[in-house]
Amino acid sequence: MEYLNFIVLLQIVFLFFTLFFKNNNFLNKLLAVIILVPAFSFCFNILDILGILSNFFYGILFFLITPIAFLFAPLVFYYVNLMCGRKISLKHPLFITTAMVIGYNLFLLFNFLELDSLSKDHYIKAIVSQELPLPITITTTLFIALQQIYFTIAAYRVYKFQKKVSNIFSTRSNIKIVFTKRFIVLIWILNTTTFIAYAVASVHLVEFVIMPLVLSMIISSIVYYAFEHKAIFNEKTYEIFKKDIKLISQTSLVFQSNIDSDSNLKTVLHAKVIEDFLRESKSYLKLEYTIVDLSKDLGFPHAEVSSVINNELHKNFSKLINDFRVEESKLILKEKFNKINIESIAELSGFKSRASFYRAFKNKMGITPSEYVKQLFS
């Protein structure tokens, strides 16, 4: 078991240094710190398995590692909100609740230090034998419950943000929404798995075997998706990210202002006008085309354009643009399928990558571009 924990610890430390020093921006460093937090628990596990801790130092480390573990969920919550363009105050009720629980845990540490040597030994033996004292049971329960609340709220905010992004951008990869969604889903799965494991297995099996295995898979997946979706920012992509977040914020404010000023807004814009314009202008071929650009081209407020797309066409802006791009790609496939590669076809159709092209094509047509070509010339 010590080897398993040691391997996961090395993996965490390596990934921490890789991310923390990967360009100088706050989001990279915050993600690195999130990955580092579990390392303290694995250090404690290794020392515990090796049996080199006296009861006194075991107790001290036990009560000090717990507050560090409590920081994991707030940091994840803070990171996800930043990736969704939201700034969270330190006075947030969840943060205050977490601080109170950490304070209670430190109070238990002081109580432990005041015990005589014999009482300390009995206390530690109870923890090791899984006959947890009531205060420890309370903090453990609060730990799992708070994490589930943090991650569930974060997942809901990602879901709402994804809908907002789809109504503004023609491609979601600009603001890393795919990574953010997978990040919080993986974390949520980790916490749920831990909760179930504690209910059906021994504490030692969970903490020394199940947790290291699950966390190793989760961290590896997070880092893979982070690099795949360029959520590990360099100077250029970080500036693009901030620009996109600013645009989303400004668009939301204007949209809300339009609603507040006229809750019974009667539009003179119709879906056919939008579709005819896109068909004639082919502006959907522009790589970074947004609803703000479309509204300027049409001469209507973007809130009104968005409302017509959603209510009359029953789709969001991203789906509308990608549908036009797919239709364009079908023409290119018919004319040039044996002359240029898939990457070129995707680019000529307005898609940012081969992956986004394949995803949009299959969503609309139900088959891949390759399968479409086979049907076309069979």
Side-chain angles (χ1 to χ4, degrees), residues 162-179 181 228-230 237 240 243-244 247-248 251 267 269-378:
Q162 185 177 19
K163 291 181 66 176
K164 184 186 297 184
V165 167
S166 297
N167 281 322
I168 298 172
F169 293 93
S170 58
T171 173
R172 292 179 291 184
S173 60
N174 289 344
I175 34 60
K176 320 304 178 191
I177 188 63
V178 175
F179 165 74
K181 180 174 67 174
E228 181 188 14
H229 296 290
K230 299 181 180 179
T237 57
I240 293 174
K243 180 181 177 181
D244 288 342
L247 176 61
I248 292 172
T251 304
T267 66
L269 180 66
H270 296 289
K272 188 176 185 304
V273 175
I274 297 175
E275 290 182 313
D276 287 346
F277 170 79
L278 289 172
R279 194 173 292 110
E280 293 171 8
S281 68
K282 293 195 173 186
S283 53
Y284 54 83
L285 296 178
K286 298 176 183 177
L287 195 61
E288 303 294 345
Y289 200 58
T290 71
I291 198 167
V292 175
D293 300 319
L294 177 60
S295 65
K296 288 179 180 178
D297 291 338
L298 292 169
F300 287 90
H302 65 259
E304 189 171 347
V305 176
S306 178
S307 177
V308 171
I309 294 172
N310 290 324
N311 297 327
E312 294 189 28
L313 296 176
H314 306 293
K315 59 181 72 174
N316 55 47
F317 174 76
S318 176
K319 181 71 165 56
L320 173 66
I321 296 300
N322 283 336
D323 283 351
F324 271 96
R325 288 171 174 170
V326 168
E327 291 301 318
E328 185 74 20
S329 71
K330 287 164 62 178
L331 295 175
I332 299 173
L333 284 168
K334 186 176 181 179
E335 297 174 1
K336 303 180 180 180
F337 79 98
N338 58 349
K339 299 178 182 178
I340 57 177
N341 57 32
I342 291 294
E343 285 77 9
S344 298
I345 293 173
E347 185 179 350
L348 289 172
S349 304
F351 288 100
K352 194 170 187 178
S353 66
R354 175 192 177 115
S356 60
F357 168 49
Y358 261 78
R359 184 168 55 248
F361 195 98
K362 191 166 185 178
N363 284 341
K364 180 173 172 57
M365 303 301 298
I367 56 177
T368 66
S370 301
E371 290 169 340
Y372 175 77
V373 170
K374 288 181 181 178
Q375 288 185 9
L376 197 62
F377 295 97
S378 60

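Numbering of residues begins at 1 and proceeds along the displayed sequence. The figures here come from the full heavy-atom set of this structure, side chains too, leaving out hydrogens, waters and symmetry mates.
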Any pair counted as salt bridge (charged side-chain N to carboxylate O under 4.0 Å, His left out), so long as it reaches residues 338-349, sequence neighbours left out: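 For residues 338-349, and leaving out neighbouring residues, the salt bridge (charged side-chain N to carboxylate O under 4.0 Å, His left out) pairs sorted by first residue read Glu343-Arg354.
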Donor-acceptor contact below 3.5 Å, side chain Ser329 vs main chain Val326: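 Here the side-chain-to-backbone pair exists.
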Counterpart residues, side chain to side chain donor-acceptor pair (under 3.5 Å), relative to Glu327 (two or more places apart): Lys330
Step-by-step side chain to side chain contact (heavy atoms under 4.5 Å, CB included) determination, Phe361 to Ile345: CA-CA 12 Å; Phe361 195 98; Ile345 293 173; over 6 Å; no
Does some side-chain heavy atom of [Y] sit less than 4.5 Å from a side-chain heavy atom of [X]?
| X | Y | value |
| --- | --- | --- |
| Ile332 | Ile340 | yes |
| Asn167 | Ser318 | no |
| His270 | Val308 | no |
| Asp244 | Val165 | no |
| Leu313 | Leu320 | yes |

Side chain to side chain contact (heavy atoms under 4.5 Å, CB included) evaluation trace for Leu294 with Ile309: CA-CA 11 Å; Leu294 177 60; Ile309 294 172; 4.3 Å; yes
Minimum heavy-atom distance between [X] and [Y], given as atom pair plus value:
| X | Y | answer |
| --- | --- | --- |
| Ser283 | Phe277 | OG-CE2, 3.7 Å |
| Phe351 | Asn322 | CE2-OD1, 3.5 Å |
| Glu312 | Ala271 | OE1-N, 3.0 Å |
| Gly350 | Arg325 | O-CZ, 3.1 Å |
| Lys352 | Leu287 | CA-CD1, 3.5 Å |

Those residues that, when tested against [X], pass salt bridge (Lys or Arg N to Asp or Glu O under 4.0 Å) (two or more places apart):
| X | result |
| --- | --- |
| Lys282 | Glu328 |
| Lys243 | none |
| Lys336 | none |
| Lys163 | none |

Selection residues 311-336 - residue pairs positive for ring-ring contact (aromatic ring centres under 6.0 Å, His included), sequence neighbours left out: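 Pairs touching residues 311-336 that pass the test: Tyr284-Phe324.
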In chain order, what residues pass the side-chain contact (heavy atoms from CB on, under 4.5 Å) check against [X], with sequence neighbours excluded?
| X | value |
| --- | --- |
| Thr368 | Tyr358, Lys362, Ser370, Glu371 |
| Lys296 | Val292 |
| Asp293 | Tyr289, Thr290 |
| Lys319 | Lys315, Asn316, Asp323 |

So, taking the atom named [atom1] in [X] and the one named [atom2] in [Y], what distance separates them when rounded to the nearest 0.5 Å?
| X | Y | atom1 | atom2 | result |
| --- | --- | --- | --- | --- |
| Ser349 | Ile342 | OG | CD1 | 9.5 Å |
| Asp297 | Ile291 | CG | CD1 | 12.0 Å |
| Ile321 | Ser166 | CD1 | OG | 12.5 Å |
| Leu269 | Ser306 | CG | OG | 11.0 Å |

